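Since the model is a prediction, treat every value here as computed from it, not as a measurement. Only this structure's heavy atoms are used, side chains among them; waters, hydrogens and symmetry mates stay out.
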Amino acid sequence: MKISAHSAIDHKSASRKRFAAMLWMAFPSPSERDLSIKAAMVLDVSPRQVVNWLRCEHDAAVSYVFAVMAIAGAEIVFRGGDK
């Protein structure tokens with residue numbers, strides 16, 4: 001089965017958007033800047049790297065994806081639901 005270049009680009013874009021949404025869930029913040037500072041400290045990356053992820057400009061390594069998934073899951077549990 002051949003995968004077209006267009007569907008590969010769509011997949012990459014969708015993956016980046018899902019990761020950006022997970023960052024917002026894991027690190028609730030009033031602004032992109034506040035989120036980037038919080039997430040950078042926890043993930044041991046620069047705030048600029050977090051901004052790149054939030055703006056869907058770069059892919060995150062799988063280690064960061066798993067870390068953010070764990071934090072986002074815990075955040076949902078502690079908040080008492082997906083609100």
Side-chain angles (χ1 to χ4, degrees):
M1 183 170 146
K2 186 175 179 181
I3 298 175
S4 71
H6 182 67
S7 67
I9 292 169
D10 290 346
H11 174 71
K12 181 178 262 195
S13 176
S15 295
R16 288 178 177 185
K17 287 177 184 176
R18 282 192 296 270
F19 185 66
M22 254 194 306
L23 282 166
W24 282 106
M25 199 178 313
F27 303 99
S29 301
S31 70
E32 181 182 84
R33 183 177 185 279
D34 288 342
L35 188 153
S36 69
I37 292 168
K38 284 184 201 177
M41 288 189 306
V42 172
L43 299 172
D44 196 26
V45 296
S46 71
R48 182 67 194 154
Q49 179 61 58
V50 178
V51 169
N52 288 336
W53 291 334
L54 290 171
R55 294 179 182 175
C56 302
E57 294 173 356
H58 294 246
D59 292 322
V62 71
S63 58
Y64 296 115
V65 173
F66 286 141
V68 172
M69 287 172 67
I71 296 165
E75 179 64 27
I76 290 169
V77 169
F78 291 127
R79 283 193 311 188
D82 190 23
K83 296 180 183 178

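Distance check, rounded to the nearest 0.5 Å: CD1 of Ile37 to OG of Ser31 gives 7.5 Å. Expressed to the nearest 0.5 Å, how far CD of Gln49 lies from OG of Ser36 amounts to 11.0 Å.
Using a 4.5 Å heavy-atom threshold, the side chains of Val45 and Trp53 count as touching. The shortest distance between side-chain heavy atoms of Ser15 and Arg18 falls below 4.5 Å.
For residues 24-52, the set of pairs meeting the ring-ring contact (aromatic ring centres under 6.0 Å, His included) definition, not counting sequence neighbours, is empty. Each side-chain hydrogen bond (donor to acceptor under 3.5 Å, both in side chains) pair with one or both residues in residues 59-71, not counting sequence neighbours, appears once here: Arg16-Asp59. Listed by first then second residue, pairs satisfying salt bridge (charged side-chain N to carboxylate O under 4.0 Å, His left out) with a partner in residues 20-32 read Glu32-Arg55, not counting sequence neighbours.
With a 4.5 Å cut-off between side-chain heavy atoms of Ile, Leu, Val, Met, Phe, Trp and Tyr, the cluster of Val51 takes in none.
Closest approach of Ala40 and Pro47 over heavy atoms only: CB-N, 3.5 Å. Here the closest heavy-atom approach between residue Cys56 and residue Ala20 is recorded as SG-CB, 4.2 Å.
Linking Ile, Leu, Val, Met, Phe, Trp and Tyr residues whenever their side-chain heavy atoms come within less than 4.5 Å leaves Val50 and Met41 in two separate clusters. Under the 4.5 Å side-chain heavy-atom criterion for grouping Ile, Leu, Val, Met, Phe, Trp and Tyr, Met25 is not connected to Val42 through any hydrophobic cluster.
Here Ser29 pairs with Lys38 under the side chain to side chain donor-acceptor pair (under 3.5 Å) rule; sequence neighbours left out. Partners of Val65 by side-chain contact (heavy atoms from CB on, under 4.5 Å), not counting sequence neighbours, listed by chain and number: Phe19, Met22, Ala60, Met69.
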